[in-house]
Asker: 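A single structure is presented below for examination.
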Amino acid sequence: MPFRGKSIRRKIVGLLLVPLLSLTVLWAFATAITGKEAAELLTAAEVSRKLGDPAENVITALQTERRQALVVLATPRPHSKETPTRARATALTALRGAERATDKARTALRSGADADVRDDMSSAAADWFAAMERRLDRLPALRDRIRAGSVPEDAATRTYDEVIEAHIDFLTLLGSVRDAGLEQQRRALVGLGSSREALSREDALFAAASAGKGMGPRQLRAFSDHIAERTVLYRTNLAVLPVEDQKMFDDYWRGTEARALEAAEDAVVLAGPGRATRAVDAARWQAAASTVLADLARLDAEANRRHQDRLDPVATWVLTKAALAGLLGLAALVASVVVSWRTGRGLVRDLRQLSRDAHEVSGVRLPAVLRRLAAGEAVDVEAEVPRLDHPDDELGQVGRALNTLQHAAVEAAVKQAGLRRGVSDVFVNIARRSQVLLHRQLALLDTMERRTDDPDELAALFRLDHLTTRMRRHAEGLVILSGAAPSRQWRRPVRLMDVVRAAVAEVEGYERVELRRLPALSVQGPAVADLTHLLAELLENATTFSPPHTAVQVVGERVPNGFALEIHDRGLGMPQETLLEANLALAEAPEFELSDTDRLGLFVVSRLARRQGVRVSLQPSPYGGTTAVVLVPAALLGDAPAKPAAPAGPAGPEPRPGPPVHRDEDTPALPRRVRHAGLAPRLAERSAMDPDPTTHEAARDAEDVRARMASLQRGWRRGRTDAAPATEHDSTGTTDERDGR
């Protein structure tokens with residue numbers, strides 16, 4: 001298809017261009033045909049006026065010259081050339097006059113046939129005019145031979161007949177028109193001229209016979225043939241002429257002059273050979289024949305003028321018709337162009353509007369509605385997708401279908417958003433309930449820890465306390481993913497070191513985390529819970545995706561924009577594409593998809609970082625794993641409080657630091673913890689005697705175990721009592737005051 005892939009404007013232009021071009025061609029063709037016909041009629045009338053009458057005059061002059069030439073040839077010649085007879089001298093004088101008349105008529109014909117007239121002739125008429133001129137050029141030689149008497153009468157007659165017939169044929173070709181009626185009438189008038197030519201030949205034959213030896217059988221038979229030819233031509237052509245012309249010729253042939261000619265003709269024919277010239281003398285014949293020839297020439301001229309009068313109105317009407325056809329065709333063409341242009345423009349406008357509406361729905365309105373729904377705004381479907389009025393045509397139907405589709409899409413998006421909100425509310429409700437239960441469980445565990453002195457039970461309770469703390473973090477992550485705010489909140493600043501330690505305490509593999517000494521900074525109370533959760537998620541990833549025998553290092557230092565905390569692991573690292581996608585998700589905080597369950601921690605971190613203005617990025621670790629860089633803005637930081645405060649999460653066992661690692665500056669590393677340094681004296685002695693007490697678990701004294709766990713419990717109580725003034729916090733929902741563990 002030639003228009004495949006083109007714009008709708010080009011397709012519509014191509015669709016409308018074909019009929020418009022066809023209409024233009026038809027209009028031009030019809031106008032050209034009609035105009036050509038009118039031009040031919042006007043040209044025929046002009047050529048007939050300029051050449052018709054001169055050609056008729058040449059024919060009449062040639063007929064007179066032929067008669068005189070035959071009289072000269074028939075007149076007896078004297079024995080001496082110097083003394084011609086009186087009759088011959090009179091005949092030669094008349095012949096010279098006829099020749100001068102012929103030359104004059106020929107000159108007039110040539111003058112009328114100028115270059116413009118020759119260009120207006122048809123090709124056949126122009127060729128015949130040239131042939132006619134060549135035959136006229138043969139007359140001077142013929143005239144010399146006639147005066148010398150060296151040419152037979154039959155040869156001279158044949159030559160004159162050929163020249164005259166050439167002129168009559170030229171008149172037949174001259175002024176040919178496409179109108180059938182007018183063309184038949186024109187040819188009938190030429191036929192009447194041929195009838196007059198037959199009478200002229202009859203007259204020339206009788207005049208030669210009267211001047212010579214009389215009319216023999218051959219001449220009489222030719223005389224009778226000319227009479228019959230004239231009668232047939234007259235009757236045949238007169239029937240084609242209008243009634244007015246027919247009546248004019250009929251009235252003439254019923255008149256006295258015509259009857260006198262017919263009587264003379266009958267007398268000649270009835271007299272027979274040898275007696276014809278005696279039955280009708282020369283004077284009587286010449287009077288009758290010359291009168292009828294002159295009258296017929298006059299009648300032919302009148303008939304030609306009437307024909308010309310009939311031709312001019314027809315030509316004018318044809319010209320008017322051509323002009324009307326051209327103007328009407330042009331008006332129709334212009335109207336078609338205007339209607340096509342307006343229709344095409346309307347179609348293009350409607351289609352473009354339809355396309356704009358579709359693009360607006362798919363690229364602007366629907367995404368905007370989705371963004372508003374994602375932001376939690378209420379969306380009115382009828383206000384966002386108003387019902388538009390469309391015409392009843394096909395484009396209007398498409399527009400209504402698009403409007404319905406748009407309405408359905410927005411309505412579906414609203415319902416989907418409502419469904420997501422419902423699911424989120426369900427998640428938040430479940431998470432809140434879980435948090436309440438976990439808070440109660442932590443409180444119960446605390447009570448049990450205070451109440452028991454059994455070391456084994458205390459160890460089990462501690463592990464259960466740690467698991468409960470992790471479960472609380474996961475429930476809080478579900479609340480964050482659902483778009484709600486976590487329940488743990490602090491009003492007072494908390495030391496940065498305590499925040500990081502609290503995050504370490506919420507990780508399963510906390511004993512693998514090596515925490516370097518951090519500057520004496522504090523975190524603003526509203527950001528403590530989010531920052532603790534954020535760091536816990538990153539530490540969880542670092543410990544989970546690194547070998548169990550490797551350590552995870554946490555270091556940090558001040559930067560111009562705040563504080564940068566780095567978490568290094570020694571795992572396998574992340575592919576470049578995956579690392580890029582993760583950083584993009586951390587930077588843009590995309591909408592959480594329920595189907596993407598493998599990256600829950602990443603979504604939680606991005607949500608928390610966006611809420612607190614914290615920048616988190618992942619990059620390859622120098623140890624071969626991945627380094628998470630957390631940039632805490634200066635607005636969330638302050639000087640460390642005078643008395644340390646315990647952050648969220650249970651105190652738990654103190655994380656086991658790794659070997660001391662010194663920095664680029666002279667700062668001492670964290671002190672290394674000595675195993676069993678905090679045990680009761682008797683337990684310490686037993687541990688010194690048996691480095692691996694688990695090998696003698698069955699032989700352990702119950703009193704020793706009770707004393708060890710009681711000592712541990714007293715230490716926890718003392719720590720909680722000392723930290724109580726700095727751990728005041730606000731609680732929301734059903735969370736009690738133990739939510740700040």
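These numbers come from a predicted model, not from an experiment.
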Asker: Measuring from Gln612:CD to Gln524:CD, what's the distance to the nearest 0.5 Å?
Answerer: 10.5 Å
Asker: List the steps, then state whether side chain to side chain contact (heavy atoms under 4.5 Å, CB included) holds for Leu518 with Phe563.
Answerer: CA-CA 10 Å; Leu518 300 178; Phe563 185 81; 4.1 Å; yes
Asker: Would you name the heavy atoms of Pro547 and Gly571 that are closest together and state the gap between them?
Answerer: CD-CA, 3.9 Å
Asker: Counting C-beta onward and ignoring hydrogens, is there a side-chain heavy-atom pair between Arg611 and Leu608 closer than 4.5 Å?
Answerer: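 Side chain of Arg611 against side chain of Leu608, heavy atoms only: contact under 4.5 Å found.
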Asker: What pair of heavy atoms forms the shortest contact from Gly562 to Leu637, and how long is it?
Answerer: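 What the structure gives for the nearest pair is C-CD1, 4.0 Å.
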Asker: Could you tell me whether the side chain of Asn583 and the main chain of Leu579 form a donor-acceptor pair under 3.5 Å?
Answerer: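 Checking the backbone N and O of Leu579 against the side chain of Asn583, a donor-acceptor pair under 3.5 Å is found.
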Asker: So, for Leu565 and Val554, which heavy atoms are closest and what is the spacing to 0.1 Å?
Answerer: CD1-CG1, 3.9 Å
Asker: Give the minimum heavy-atom separation between Ala536 and Val507, together with the two atoms involved.
Answerer: O-CG2, 3.8 Å
Asker: Checking side chain to side chain contact (heavy atoms under 4.5 Å, CB included) between Val523 and each of Val632, Val499, Thr532, Asp530, which is the one that passes?
Answerer: Val499
Asker: Would you say the side chain of Val616 lies within less than 4.5 Å of the side chain of Val614, judging by non-hydrogen atoms?
Answerer: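 Heavy-atom side-chain distance check passes, below 4.5 Å.
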Asker: Let me confirm one number: the CG-CD distance from Leu618 to Glu581, rounded to the nearest 0.5 Å.
Answerer: 12.5 Å
Asker: State the CD-CG distance between Gln441 and Asp446, to the nearest 0.5 angstrom.
Answerer: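 Reported to 0.5 Å precision, the distance equals 12.5 Å.
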Asker: Below 4.5 Å, heavy atoms only, C-beta onward: do Phe545 and Thr626 meet side chain to side chain?
Answerer: no
Asker: What do you reckon, is CG of Leu572 surrounded by more than 12 foreign heavy atoms closer than 6.0 Å?
Answerer: no
Asker: What is the distance from atom CZ of Arg607 to atom CG of Leu586, rounded to the nearest 0.5 Å?
Answerer: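 Atom-to-atom, Arg607:CZ and Leu586:CG are 13.0 Å apart.
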Asker: List the residues meeting side-chain hydrogen bond (donor to acceptor under 3.5 Å, both in side chains) with Glu540, not counting sequence neighbours, and say none if there are none.
Answerer: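 Per chain and number, Glu540 pairs via side-chain hydrogen bond (donor to acceptor under 3.5 Å, both in side chains) with Arg473.
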Asker: Taking Thr578 for its side chain and Met574 for its backbone only, find out whether a donor-acceptor pair lies under 3.5 Å.
Answerer: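 Here the side-chain-to-backbone pair does not exist.
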Asker: Using modelled atom types and a 3.5 Å cut-off, is there a donor and acceptor pairing between side-chain atoms of Asp569 and backbone atoms of Val552?
Answerer: no
Asker: May I ask you to check whether Thr452 and Glu457 show a side-chain donor-acceptor distance below 3.5 Å?
Answerer: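 Yes, side-chain donor-acceptor contact under 3.5 Å.
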Asker: If you round to the nearest 0.5 Å, how far is CZ of Arg495 from OG of Ser522?
Answerer: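 If I round to the nearest 0.5 Å, the distance is 10.0 Å.
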Asker: Within the 3.5 Å criterion, strictly below it, is a donor on Arg512 or Ser546 matched to an acceptor on the partner's side chain?
Answerer: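 Indeed, the side chains of Arg512 and Ser546 share at least one donor-acceptor pair under 3.5 Å.
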Asker: Of all the heavy-atom pairs spanning Val504 and Tyr510, show the shortest one and how long it is.
Answerer: O-CB, 3.2 Å
Asker: What is the distance from atom CG of Leu461 to atom CZ of Arg451, rounded to the nearest 0.5 Å?
Answerer: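 It comes to 9.5 Å.
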Asker: Could you pull out all residues at least two apart from Glu508 that satisfy salt bridge (Lys or Arg N to Asp or Glu O under 4.0 Å)?
Answerer: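 Partners of Glu508 by the salt bridge (Lys or Arg N to Asp or Glu O under 4.0 Å) criterion, ordered by chain and then number, come out as Arg470.
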Asker: Looking at every non-hydrogen atom in both residues, tell me the closest pair between Gly556 and Pro519 and how far apart they are.
Answerer: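 So the two residues come closest at O-CD, 4.4 Å.
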